[in-house]
Amino acid sequence: MKENSNQTIERWGIRYTGIVQGVGFRPLVSMCAHSLGLTGIVYNDSRGVYVEIQGPLGALQLFLDAIQEEQPRLCRITSQTVHPLTIKDEETTFSVEPSPLGEDVSTFISADTAPCEDCLKELQHDKRRQEYSFINCTNCGPRYTIIKSLPYDRERTTMNEFPMCEACLAEYEDIEGRRYRAEPNACSHCGPRYTLYKPNRTAVDTVNVWNTTRELINEGSIIAIKGVGGYHLVCDARNDAVVQRLRKRKNRPHKPLAIMVGSLDTAIELVQISDVELDVLTGMERPIVLLERNHNSSVRLSSHVAPDNHMLGVMLPYTPMHEVLLPSDAAWVMTSGNKSGDSVLYNDDQAFNELGEVADYFLVHNREIYAPLDDSVVMVINNKPRFIRRSRGYVPEPIHCESIAATPILAMGSDLKNAFALNKGNEILMGPHIGDLENASTHETLEWTINRYENLFSIEPEKIIIDSHPQFFSSHLGEHIGASSQIPVVTVQHHHAHIASVMAEHNLIGPVLGIAMDGTGYGPDGTIWGGEFLLCKGNQYQRLAHIHGAPLPGGEKAVSEPWRQALWYIRNYYGNDIPSVYQTWMENLPKGWEILDKALQSTMPMIQATSCGRLFDAVGSLLGLGMIHTYDAQITIALEALCGEEKGSLLDYNYDGKVLDFTPTVQAIMDGVVQGKSRAHLAASFHKTIAIAVCETAADLMERYKISDAAISGGVFQNRKLVELIYRTWHVGNLYMNEAVPANDGGLALGQLWLGSQIR
């Protein structure tokens, strides 16, 4: 400390942690220091951002306040620590210093985000960057997909291949400018650019690549477009023929296709948007948002975009390329560039090889995508955004969890909708959406991404958590990693992990009544679980109740072929006296159904399932909504859509304190079909009955076991109608649900990791 002109002069060392690299934080520090006449240094390092700053005590305090108040758009400060240093009399300036290397990294990085308003204005009017499809600044642009290693500097990103021109370098070094130390900074003279190709990789000779691409899409072509995290397959969503052609080429017969619209006005024409949905749709993350169709829309979409679905997956442009390419009235299919079931393609050679027979043209840029990233999907339920898929725009930003121990843990997630998790202390890093682990491509992506996270964030797991399912690839991989690294591998039950994911988010230690409902999860009794009421506390759980058991005729086949369990309900109720409407139903079953029918009438043992997801599928099949799934939850989605505006009536069910039996509910629905009742009313009645029965069962268990908190999780709770009915009916204690991760298996790793941290 030093007295100078009646002012106390001090020098402070300040450590900032959190998401403080690649977000314009160093420029903010430098600008604040200069404006207050302070001297010192700032640099990125392995732990975040370090500042040494010197000047009058009052100005130093103003500096701290300014940093907190003026945080950049993408910044997330998790800690600020200040300690006194020895004054340097010879120092006369404030400077940004190079990052020291060779230390273990303990900082975080921002997700990739949509262009900010300043960049959008430049995109339209700036001479150097008008229509430049890679425009960015410290407040927006690519991060995760281009970073190779930390600390975050240009030479450790895929932008290192593009030396800045004099004008860009001047911006990069301009302390007063928006691009001061903006690592991806570039312009049309020195940065990446797009080229249009034919499938044989011959460049298309064109004066304006954007005009030509738009014309091709308008004429009915399918274009493979390389974006920020991978390739999309793009076509005109109004054109029936091209949408059908895309489905056939991609082998995706029915699963809804996401669309990108050129403006908010076009979105408002197509879908109904609440205030909360509007905030999500227009936020800097720009996910796909599932929205109710506007049935009075003047914009006609192809019926093949999202068949038998009351919702549309809509997103706004989220890169400068999209802003330049899409007309304001555009409604284009924008679906992941892969063959159904594979990981998103991001390598150019692989994309041309695998999409050469799918796409008519390729719009490709020459910047490497270092890490692939699929689009995020969000739906607003009960006025809160809920993830269906957490990926681009959100990954790899950490989720803070007070009750996580400091021990680094790797949680492997599930084989469906896989996303793993790692932690650094109380910060949990969820991996991006990998997908279903059915194919070699997703296996390779999972292994590569785990290694990337461990290297990028300097994490060496000391424990691995896996699902108890004996056949999961994710579990086998976890065991292999554990054996090769000689660290313990812990197995946790699937539905316990679902509830633990909610407990982790909301800092609930327990006791908690967990209501876990999904398609299938491996039960410790050898049956398939999926409709469970669990008492959860710490790392322990007790099964208090469950929905009724029903066989899965044909085992795993019954998951993709719901008619099998539906047939069991028919035989179980009607015996040999089957009504004509269901005789006709049976006549339309796939070939060979008679063999299964005979087995159902015998004493042959079958796998039992207390699965709520399978129950929804069976009811949907009994209502004539389909026999076989071509994508996950297809018939259940159609069942929810069938409800429309119907309110429904309460149907019969039984509950004896241990088993919540919906067999009478299913029988009432079948009788309704036989009697010719409205199928929409029956579908709504089914949803209403499930919601009321779940709430009444929960109330009984919470009273009997003196529980005040309840948590719901599992894929069934992605059904918006069901969840909103439950919230309206709920009348005992506090009800919690996933908000930071999906309720489906995409959030499972968070719960696994939390449970692993509770095991000392």
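Just the heavy atoms: all of them, side chains too, but no hydrogens, waters or symmetry mates, feed the values below.
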Let me see the working for Leu596 and Arg564 under side chain to side chain contact (heavy atoms under 4.5 Å, CB included), right down to the final yes or no. CA-CA 8 Å; Leu596 180 67; Arg564 292 170 175 268; 3.6 Å; yes
Go through the steps for Leu544 and Tyr705 under the test side chain to side chain contact (heavy atoms under 4.5 Å, CB included), then give the verdict. CA-CA 10 Å; Leu544 301 182; Tyr705 289 91; 3.6 Å; yes
One pair to check against ring pair (Phe, Tyr, Trp, His ring centres under 6.0 Å): His546 and Phe533. What are the steps and the verdict? CA-CA 6 Å; His546 55 82; Phe533 296 83; 9.0 Å; no
Please step through side chain to side chain donor-acceptor pair (under 3.5 Å) for the pair His681 and Ser649, ending with a clear verdict. CA-CA 8 Å; His681 181 79; Ser649 307; 3.1 Å; yes
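For residues 696-718, the set of pairs meeting the salt bridge (Lys or Arg N to Asp or Glu O under 4.0 Å) definition, not counting sequence neighbours, comprises Asp700-Arg704. Counting only residues at least two apart or on different chains, the salt bridge (Lys or Arg N to Asp or Glu O under 4.0 Å) pairs with a member in residues 607-636 are Lys417-Asp632, Arg614-Asp617.
A cation-pi arrangement is present between Arg543 and Trp529 under the rule of less than 6.0 angstrom and at most 45 degrees off the ring axis.
Taking each heavy atom of Val673 and Leu623 in turn, the nearest pair found is CG2-CD2, 3.5 Å. The two atoms that bring Gly220 and Asn239 nearest to each other are CA-ND2, 3.9 Å, heavy atoms only. Between Thr442 and Asp436 the shortest heavy-atom distance is OG1-O, 3.2 Å. The minimum heavy-atom distance linking Ala500 with Gly751 is given by the pair CB-O, 3.5 Å. The nearest pair of heavy atoms linking Ile628 to Pro590 is CD1-CG, 4.0 Å. Contact record, Phe717 with Ile712: CE1-CB, 3.8 Å, taken as the closest heavy-atom pair.
In summary, the side chains of Ser474 and Asp415 do present a donor paired with an acceptor at a separation below 3.5 Å, with no hydrogens or angles considered. In the model, His254 has a side-chain atom that pairs as donor or acceptor with a side-chain atom of Thr630 under 3.5 Å. For His232 and Asp375, the side-chain atoms include at least one donor-acceptor pair closer than 3.5 Å. Defined by atom type and a distance below 3.5 Å, a donor-acceptor pair is present between the side-chain atoms of Thr527 and Asp525. A donor-acceptor contact under 3.5 angstrom links the side chains of Ser302 and Asp240, judged on distance only. Between the side chains of Asn383 and Tyr727, not a single donor N or O lies within less than 3.5 Å of an accepting N or O. Residues Arg252 and Thr335 bring a donor and an acceptor atom of their side chains to less than 3.5 Å of each other.
The distance from the OG1 atom of Thr636 to the NE2 atom of His629 is 5.5 Å, given to the nearest 0.5 Å. Of the inter-residue distances, the one linking Ile595 atom CD1 with Leu600 atom CG reads 12.0 Å to the nearest 0.5 angstrom. Of the inter-residue distances, the one linking Tyr541 atom OH with His495 atom NE2 reads 10.0 Å to the nearest 0.5 angstrom. Here the straight-line distance linking atom CE of Met334 with atom CG of Leu233 works out to 10.5 Å at 0.5 Å rounding. Within the model, atoms SG of Cys612 and CD1 of Ile515 stand 11.0 Å from one another, a figure rounded to the nearest 0.5 Å. For the atom pair Thr665 OG1 and Leu615 CG, the distance stands at 7.5 Å (nearest 0.5 Å).
Considering only residues two or more places apart in sequence or on other chains, Lys248 meets the side-chain contact (heavy atoms from CB on, under 4.5 Å) condition with none of them. By the side-chain contact (heavy atoms from CB on, under 4.5 Å) test, Lys688 is found to be paired with Ile692, residues two or more places apart in sequence or in another chain being considered. With sequence neighbours excluded, the residues that form a salt bridge (charged side-chain N to carboxylate O under 4.0 Å, His left out) with Arg571 are Asp597.
Dense packing is recorded around CG of Asn309, with more than 12 heavy atoms of other residues, nucleotides or ligands lying under 6.0 Å away. With a 6.0 Å radius and a threshold of 12 heavy atoms from other residues, nucleotides or ligands, Glu556 has its CD atom at or below the threshold.
Applying the side-chain hydrogen bond (donor to acceptor under 3.5 Å, both in side chains) test between Ser343 and each of Asn338, Thr445, Asp374 identifies Thr445 as the sole match.
A perpendicular orientation is assigned to the rings of His548 and Tyr569, their planes being inclined by more than 60° (bins at 30° and 60°). Note on ring orientation: taking the six-membered ring where Trp is involved, the planes of His443 and Phe473 are parallel (angle under 30°, cut-offs 30° and 60°).
A donor-acceptor pair under 3.5 Å is formed between the side chain of Gln583 and the backbone N or O of Ile578. Trp585 places a side-chain N or O within donor-acceptor distance of the main-chain N or O of Ser621, the cut-off being under 3.5 Å. Distance alone, capped at 3.5 Å, places no donor-acceptor pair between the Glu357 side chain and the Arg249 backbone. Remark: the backbone N or O of Met412 is paired with a side-chain donor or acceptor of Asn418 at under 3.5 angstrom. Here the side chain of Glu724 pairs a donor or acceptor atom with the backbone of Asn382 at under 3.5 angstrom. Between the side chain of Ser611 and the backbone N or O of Gly530, no donor-acceptor pair lies under 3.5 Å. Checked by atom type and distance alone, the side chain of Thr520 never pairs as donor or acceptor with a backbone atom of Ile528 at under 3.5 Å. With hydrogens and angles ignored, the 3.5 Å screen pairs no side-chain donor or acceptor of Ser685 with any backbone N or O of Leu650. Proximity of a side-chain donor or acceptor of Tyr573 to a complementary backbone N or O of Ala668 within less than 3.5 Å is not detected.
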Would you list the atom pairs, donor with acceptor, under 3.5 Å between side chains in residues 738-749 and any protein atom, with sequence neighbours excluded?
unit_1: Asn738; atom_1: OD1; unit_2: Ser713; atom_2: OG; d: 2.7
unit_1: Asn738; atom_1: ND2; unit_2: Ser501; atom_2: OG; d: 3.0
unit_1: Asn738; atom_1: ND2; unit_2: Glu505; atom_2: OE2; d: 3.1
unit_1: Glu739; atom_1: OE2; unit_2: Lys384; atom_2: NZ; d: 3.2
unit_1: Asn744; atom_1: OD1; unit_2: Gly746; atom_2: N; d: 2.7
unit_1: Asn744; atom_1: ND2; unit_2: Ile388; atom_2: O; d: 3.0
unit_1: Asn744; atom_1: ND2; unit_2: Gln718; atom_2: OE1; d: 2.4
unit_1: Asp745; atom_1: OD1; unit_2: His494; atom_2: NE2; d: 3.2
unit_1: Asp745; atom_1: OD1; unit_2: His498; atom_2: NE2; d: 3.0
unit_1: Asp745; atom_1: OD2; unit_2: Ser414; atom_2: OG; d: 2.8

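Checked against a 6.0 Å centroid threshold, the rings of Phe616 and His687 count as neighbours.
With salt bridges taken as basic N to acidic carboxylate O contacts below 4.0 Å, one links Glu277 and Arg720.
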